[in-house]
Amino acid sequence: MARMRRLCLLVFLMTPALVVSAQPPQPQRLALAGGMVLDGYDAPPIHNAVILVDGDRIVRVGSAAEVPIPSGYRVIDTSGRTMMPGMIELHAHLVLLGHGEYTRWFPWIDRQGRAATLPKVMAIAARQLLMAGITSAVDLGAPLDEILATRKAIDAGQLPGPRMSVSGPWLTRTVAIFPADYQIDVKSPEQAAADTERLIAAGVDVIKAHAGLTRADYKAIVDAAHKHNIRVHAHLYAETDVRNALEMGVDVLSHAGSAGTAPPYSQQLITDIVNAGRPVVVTAAHRSWVHPDTAAFPERLQDPQLKKDMTPEIYAEVQDSLKNWRALGYFARTDREIFFRERGLKQFIEAGAVMGMGTDSGTPMNFHTEALWREAKAHVDMGMSPRRAISALTRIGANILGKQRDLGTIEPGKLADIIVVNGNPLYDITALAHVETVIKGGRVYKP
Ligand SMILES: [Zn+2]
Ligand SMILES: [Zn+2]
């Protein structure tokens, strides 16, 4: 079965229409010149700047006066715009495209023929993320073979997409919300450790500890993962779960702060998270902001970009699932989440927690094309400075992935993952919706 899926993915990847532009020309010498640089540090911008790229790496950055452009460099004019590191999405789901109901979406994929359709869905999602300026992303929940095949196709340059870190199926003690092979049911800490080892041996980059786990489960998973220098991201809402994960050494606290379950968290918990330096990825926007923003502007569901990105069948199915979006089960608790959304997010911002940005992109109405700038806007609206938000989207994200040597800032020696946005995100963070140029590893993917 798995082999057949891989074969179908390969066939799909070789379909000429879909490999066009997957692989831009070889990296070369590039000079991005004229615009403002935000380098990913919480520091003032460099105006009228030049970034020099040689192959896949950044070699120099500074003002035009300090950095002359040597001959032999292809110049990309960035005048009037902002250059910054490619953004890092810490919580995406490539198997989802914003469809309204999991209990309808996955059976629909099966009816189309999962072996061909699921890779197609993941390819669309990966491309959407990259075109939105996301050059690295973490996928936190997908069947193992398919997500590894997609990551491999991206790495090989056969599919346009971000550098993917993937968890494969998550470990949980709760009932399935996705099909069975999207999760591993935990029955004991020993088994959780064995499954963690098995996932790592298969090649995952991170482990996702989903809901319902005990302290002993967390400990077993974390110990097994850390033996291999693999980080554990946990899916958490209730204070006791956050406390258990924190104390058992879970590396990234995901969803904490977006609970809608009688927050705020106790001051002691927030203090302990901040003092431990433990990263938090709130995933604030996906229900609490996306729902009211859709009520205010339901036209967003028909953003023409979505139609362009998807096949006609997938687009029709997603649209049909959203016809009566207010009644979707996914938003059943959204009133309460909206009530608590400010306190849930502000308590981490104001306490000075280490915060990365992740969106749960792909969940209902939470499109890969825009989830990350919406998340950044929620953070800024709740008091995070735009400069700090941009470092959360870039440098802090790279730290959370453990890839700070290569990613997250515009500095000599780093990989040339650079985006150009129209406007000044320090003035208006939604300028991040206007990504005009995407460069990953020195290759220009957009335009
Ligand atoms: Zn989750
Ligand atoms: Zn998720």
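Whatever order the structure lists them in is the order used to number ligands and atoms, beginning at 1. For clarity, every value in this text was computed on a predicted model and none was experimentally measured.
For the ring-ring contact (aromatic ring centres under 6.0 Å, His included) test, residues two or more places apart in sequence or in another chain that qualify with W105 are H99, W108. In this structure E370 satisfies the side-chain hydrogen bond (donor to acceptor under 3.5 Å, both in side chains) test together with R300, R374, sequence neighbours excluded. Under the rule for a salt bridge (Lys or Arg N to Asp or Glu O under 4.0 Å), K152 has no partner lying at least two apart in sequence or in another chain.
Excluding waters, the set of protein N/O/S atoms under 2.8 Å from the Zn ion (ligand 2) reads H91 NE2, H93 NE2, D360 OD1.
Counting only N and O atoms by type, the side chains of T409 and K414 include a donor and acceptor under 3.5 Å apart.
A cation-pi geometry, defined here as NZ or CZ lying under 6.0 Å from the six-membered ring centre and within 45° of its normal, does not hold between R326 and F331.
Smallest separation of non-hydrogen atoms from V250 and L253: CG1-CD2, 4.2 Å.
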